[in-house]
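No experiment lies behind these values; they were computed from the predicted model shown.
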Amino acid sequence: MKFSVSSSELLKYLQVVGGAIASNPVLPIMEDFLFTISDNQLTIAATDLETSITTSIEVMADSDGMVAIPAKILLETLKALPEQPITFNINDENFGIEITSAFGKYRLAGENGQDFPRIPEPDTVDTVTVAASTIGQGITKTLFATSNDELRPAMTGVYFQIDFGKIIMVATDAHKLVKYTFSDVSSEVSTSFIVPKKALNLLKNALPGGGEVKMSFNKSNAFFSFENTNLVCRLIDSRYPDYNAVIPVDNPNILSVSRTDFQNSLKRIAIYANKTTNQVILNINDGSLTISAQDLDFSNEATEQLACTYDGDQLDIGFNAKFLIEMLGVLESDEVKMELATASRAGILLPVDEVDGEEILMLVMPVMLSN
């Protein structure tokens with residue numbers, strides 16, 4: 001089997017697919033890309049058994065066939081080559097691979113493509129179509145809030161709740177929570193599932209700038225397909241916590257402040273906060289917000305004052321600065337508002353200007369004040 005392809009074009013596709021390869025896979029063949037040629041179409045696949053990606057590219061081939069090619073050496077070779085046509089010559093007996101470039105020849109050992117793990121096909125699935133930009137936004141705005149705690153598997157992924165014309169994406173690690181809702185969806189189904197973090201990271205990097213994503217799902221897998229790429233991932237089989245129960249409803253104190261001023265101030269003050277708690281204290285009065293932090297172990301402290309609009313009772317409340325900075329970085333509105341009740345209840349962070357067809361709500365747990 002022999003085929004020719006542009007080196008930079010091939011590298012671009014391999015880098016998308018390569019993200020699915022695990023660093024220490026169960027089977028040695030999973031360190032490979034599976035190349036399958038059919039009618040001058042090369043399909044490239046990679047998997048770690050949980051997440052798999054396939055994509056396809058036009059090539060000039062003399063016959064159909066399949067081979068597994070070691071990913072690391074192939075990627076490194078292509079990164080070191082300038083843009084040019086390269087030719088792959090595969091020995092159908094022993095799966096030896098010879099790559100020819102303008103500079104010379106490179107030989108490496110491939111494996112039988114038949115031994116590569118089977119990638120799940122979408123069968124008995126429900127399907128929803130979403131704009132690629134919307135799903136990309138949803139991933140960016142929720143992924144950072146997922147947990148790394150393997151003992152609570154449900155919280156290590158993003159919860160998708162599909163409710164006919166709208167999709168709600170939720171992520172939480174018990175300290176912060178993000179709920180992102182978008183409504184420009186054509187769907188006949190109502191269901192929910194949890195997608196793992198790794199799959200969403202890969203999806204975000206592979207998404208095209210425009211166009212649509214077809215999202216299909218059954219009990220065990222989710223399938224995302226767009227342009228010539230398909231991503232399959234095994235869903236997290238676990239119950240998601242009832243997130244609505246933790247969102248406080250009665251929050252009489254409303255603070256509005258410039259998002260960038262607030263974020264920059266927190267970044268400066270956080271330098272002086274205790275490194276274990278990252279605690280900053282917001283002292284909120286009518287028309288002024290004082291942000292302070294201290295680290296008693298090192299006698300460090302800092303205070304800044306910001307102009308704000310505030311409707312409510314005087315309040316001192318402590319938060320983890322790292323969480324607030326992260327959340328403000330994800331919001332896009334010029335002004336944000338915080339809805340607060342007491343120093344021991346979660347604060348709600350919202351953008352002042354909502355985009356049509358989408359809503360975002362962020363919740364952050366307070367850090368108890370020591371005094």
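- When all heavy atoms of I29 and P117 are compared, the pair lying nearest together is CG2-CD, 4.1 Å.
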For a side-chain contact (heavy atoms from CB on, under 4.5 Å) check, start with the C-alpha distance between R345 and I317, then their side-chain angles and the critical distance, and finish with the verdict.
CA-CA 9 Å; R345 269 177 60 187; I317 187 166; over 6 Å; no
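- With hydrogens and angles ignored, the 3.5 Å screen pairs no side-chain donor or acceptor of N278 with any backbone N or O of N320.
- Looking at E83 and S6, their side chains come closer than 4.5 Å, going by heavy atoms from C-beta outward.
- N91 and N94 share a donor-acceptor pair across their side chains, judged by distance under 3.5 Å alone.
- E212 and T129 are not linked by any side-chain donor-acceptor pair at a separation below 3.5 angstrom, with hydrogens and angles left out of the test.
- Expressed to the nearest 0.5 Å, how far CZ of F193 lies from SG of C233 amounts to 8.5 Å.
- Considering CG of L231 and CE of M215, their distance stands at 12.5 Å, rounded to 0.5 Å.
- When ring centroids are compared, F182 and Y180 come within the 6.0 Å threshold.
- Across all their heavy atoms, Q279 and A293 have their closest contact at O-CB, 3.7 Å.
- Residue Y272 places its OH atom among 12 or fewer non-hydrogen atoms of other residues, nucleotides or ligands, all under 6.0 Å distant.
- Minimum heavy-atom separation, P248 to I348: O-CD1, 3.4 Å.
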Applying side-chain contact (heavy atoms from CB on, under 4.5 Å) to V170 and V178, what does each step give before you reach the verdict?
CA-CA 6 Å; V170 181; V178 179; over 6 Å; no
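- No side-chain N or O of S292 forms a donor-acceptor pair with one of T303 less than 3.5 Å apart.
- A 4.5 Å side-chain heavy-atom check between L202 and F224 finds every atom pair outside the cut-off.
- By the 4.0 Å N-to-carboxylate-O rule, D173 lies too far from R152 to be salt-bridged with it.
- With S333 as reference, D353 is the one residue of D353, I360, V355 to meet the side-chain contact (heavy atoms from CB on, under 4.5 Å) rule.
- The two atoms that bring V367 and F319 nearest to each other are CG2-C, 3.6 Å, heavy atoms only.
- At distances below 3.5 Å, not a single donor-acceptor pair connects side-chain atoms of S190 with backbone N or O atoms of D163.
- K275 NZ: more than 12 foreign heavy atoms inside a 6.0 Å radius.
- Around CG of N205, the count of heavy atoms belonging to other residues, nucleotides or ligands within 6.0 Å exceeds 12.
- Using a 3.5 Å distance cut-off with no hydrogens or angles, the side chains of T229 and T55 do pair a donor with an acceptor.
- Of all the heavy atoms in A174 and M155, the pair that sits closest is N-CE, 3.5 Å.
- Considering T87, N40, I90, I86 as possible partners of F3, the one that fulfils the side-chain contact (heavy atoms from CB on, under 4.5 Å) test is I90.
- Annotation: side chain of T191 is in contact with side chain of F217 (closest heavy-atom distance under 4.5 Å).
- Counting only heavy atoms from C-beta outward, the side chains of V195 and L235 approach each other to under 4.5 Å.
- A distance-only check finds no donor-acceptor pair linking the side chain of Y240 to the backbone of Y243 [under 3.5 Å].
- Side chains of I99 and I97 form a contact here, defined as non-hydrogen atoms less than 4.5 Å apart.
- A donor-acceptor pair under 3.5 Å is formed between the side chain of K198 and the backbone N or O of A20.
- At a threshold of 4.5 Å between non-hydrogen side-chain atoms, the residues L75 and Q15 count as touching.
- Under a 4.0 Å N-O distance rule, the pair K72/E76 qualifies as a salt bridge.
- Remark: the backbone N or O of L143 is paired with a side-chain donor or acceptor of T146 at under 3.5 angstrom.
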Under the side-chain contact (heavy atoms from CB on, under 4.5 Å) criterion, do I44 and L34 qualify, and how do the steps go?
CA-CA 6 Å; I44 307 161; L34 176 66; over 6 Å; no
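- At least one donor-acceptor pair closer than 3.5 Å links the side chain of S183 to the backbone N or O of G357.
- Contact of the Y159 side chain with the T142 side chain is not registered, since no non-hydrogen atoms from C-beta on lie closer than 4.5 Å.
- For the atom pair Y13 OH and I53 CD1, the distance stands at 13.5 Å (nearest 0.5 Å).
- Once rounded to the nearest 0.5 Å, the distance linking CG of L328 with NZ of K267 reads 9.5 Å.
- Annotation for V280 and A321: closest pair CG1-CB, 3.6 Å, computed over non-hydrogen atoms.
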Derivation of the side-chain contact (heavy atoms from CB on, under 4.5 Å) call for F144 and I139:
CA-CA 9 Å; F144 77 93; I139 296 171; over 6 Å; no
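- The hydrophobic clustering, which links ILVMFWY residues whose side-chain heavy atoms are closer than 4.5 Å, places V5 and M66 apart.
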Side chain to side chain donor-acceptor pair (under 3.5 Å) between E150 and N148, worked out:
CA-CA 6 Å; E150 296 300 328; N148 294 321; over 6 Å; no
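- The number of heavy atoms from other shown groups lying within 6.0 Å of NZ (K2) does not exceed 12.
- Counting only distance, with no hydrogens or angles, the side chain of E111 and the backbone of D32 share no donor-acceptor pair below 3.5 Å.
- Side-chain heavy atoms closer than 4.5 Å link hydrophobic residues (I, L, V, M, F, W, Y) into clusters, and following such links, possibly through other members, connects Y310 to L324.
- Tracing side-chain contacts under 4.5 Å through hydrophobic residues (I, L, V, M, F, W, Y), one reaches L349 starting from V364; they form part of the same cluster.
- Counting only distance, with no hydrogens or angles, the side chain of N300 and the backbone of L296 share no donor-acceptor pair below 3.5 Å.
- When only modelled atom types and interatomic distance are considered, S147 and D149 share no side-chain donor-acceptor pair under 3.5 Å.
- Hydrophobic clustering, with ILVMFWY side chains joined whenever heavy atoms are under 4.5 angstrom apart, groups F262 together with I325.
- Looking at E358, M169, K179 one by one, the single match for side-chain contact (heavy atoms from CB on, under 4.5 Å) with K141 turns out to be E358.
- Checked by atom type and distance alone, the side chain of Q305 never pairs as donor or acceptor with a backbone atom of S288 at under 3.5 Å.
- Residues F35 and M1 fall within the same hydrophobic cluster, defined by Ile, Leu, Val, Met, Phe, Trp and Tyr side chains chained together at heavy-atom separations under 4.5 Å.
- Judged purely by atom type and a 3.5 angstrom limit, N251 has no side-chain atom pairing as donor or acceptor with the backbone of N253.
- Rounding to the nearest 0.5 Å places CG of L315 at 8.5 Å from CG of L282.
- Atom CG of L350 sits about 10.0 Å away from atom CG of L363, to the nearest 0.5 Å.
- With a 4.5 Å cut-off on side-chain heavy atoms, E335 and R259 do not count as touching.
- Q314 CD: more than 12 foreign heavy atoms inside a 6.0 Å radius.
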